[in-house]
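Notes follow the structure.
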Amino acid sequence: EELMGVMAHELAHVKNRDTLISAIAATIAGAITYLAQMAQWAAMFGGGGRSRDGEGDGAGRALGMLLLMILGPIAAMMIQMAISRSREYDADRDGAAMCGNPLYLASALRKLAAGVEQVPMRDAGMATAHLFIVNPLSGSGVASLFSTHPPMAERIHLLEEMARGRA
């Protein structure tokens, strides 16, 4: 039953074209990061100074470039991770509907979470975290904004609510 729940979750990712959506989100995040790097190089080589007519607010433009360089990539990554977390919730919901019982996946997630807690995955990194059904990286608070997976307890709770007919 648990294997059926996990397989249904993964098939829901396929059905929902989550790989395509994630690739588009990553491409947009990469483009934003690239623009921020271009702004950084422009600022270093004089692109953030005066306006064409020699007047204007060069300091304001430089501040704007600095904010773009710092906040652009951070915002892009946060959006990309939020999309990833949203796709996990959708795969949980659709997978539970596919296999017929949300508790199958809830039980499997509970066991997987306990296993990761006992034996942390040391080889997992930010680049591969999205490939796991359970978040291999720890983090709470602000760090959870950069997580590819929603909190396990919340996923299990939502699946249990689905089983009760409340979600």
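Hydrophobic clustering of Ile, Leu, Val, Met, Phe, Trp and Tyr side chains at less than 4.5 Å, counting indirect connections, unites Leu109 with Val6. Under the 4.5 Å side-chain heavy-atom criterion for grouping Ile, Leu, Val, Met, Phe, Trp and Tyr, Leu20 is connected to Ile28 within one hydrophobic cluster. Hydrophobic clustering places Leu159 together with Met152 (ILVMFWY residues linked when any side-chain heavy atoms are closer than 4.5 Å, directly or through intermediates). Note on Ile79 and Ile21: same hydrophobic cluster, where clusters join Ile, Leu, Val, Met, Phe, Trp and Tyr whose side-chain heavy atoms are under 4.5 Å apart, directly or indirectly.
With Asn16 contributing its side chain and Asp18 its backbone, the two residues share no donor-acceptor pair below 3.5 Å. Distance alone, capped at 3.5 Å, is enough to place a donor-acceptor pair between the Thr33 side chain and the Ala29 backbone. Put simply, the side chain of Ser86 never gets that close to the backbone of Ala82: no donor and acceptor are under 3.5 Å apart.
Closest approach of Cys99 to Gly5, counting heavy atoms only: SG-CA, 4.1 Å. Heavy-atom minimum distance, Ala106 versus Ile156: O-CG1, 4.0 Å. Nearest heavy atoms, Ala96 versus Pro102: CB-CA, 3.6 Å. Nearest approach of Gln80 to Ala26, heavy atoms of both residues: NE2-CB, 3.3 Å. Closest approach of Leu103 and Asn101 over heavy atoms only: N-OD1, 2.9 Å.
One finds the CG atom of Asp90 at 4.5 Å from the CZ atom of Arg93 (value rounded to the nearest 0.5 Å). Atom-to-atom distance recorded for Thr19:OG1 and Ile24:CD1 is 11.0 Å, nearest 0.5 angstrom. To the nearest 0.5 Å, atoms CG (Leu105) and CG (Leu112) are separated by 9.0 Å. For the atom pair CE (Met77) and CD1 (Ile32), the distance works out to 11.5 Å, reported to the nearest 0.5 Å. Between Glu160 atom CD and Arg164 atom CZ the span is 5.5 Å, to the nearest 0.5 Å. A distance of 6.0 Å separates CD of Glu88 from OG of Ser84, quoted to the nearest 0.5 Å.
The environment of Glu1 atom CD is sparse: at most 12 non-hydrogen atoms of other residues, nucleotides or ligands sit within 6.0 angstrom. The 12-atom threshold is exceeded at CE of Met98, counting heavy atoms of other residues, nucleotides or ligands nearer than 6.0 Å. Within a 6.0 Å radius of OH in Tyr89, more than 12 heavy atoms belonging to other residues, nucleotides or ligands are found.
You'll find the side chain of Met4 stays beyond 4.5 Å of the side chain of Met7, heavy atoms only.
The residue from His9, Arg87, Met162 that alone fulfils the side chain to side chain contact (heavy atoms under 4.5 Å, CB included) condition with Asp92 is His9.
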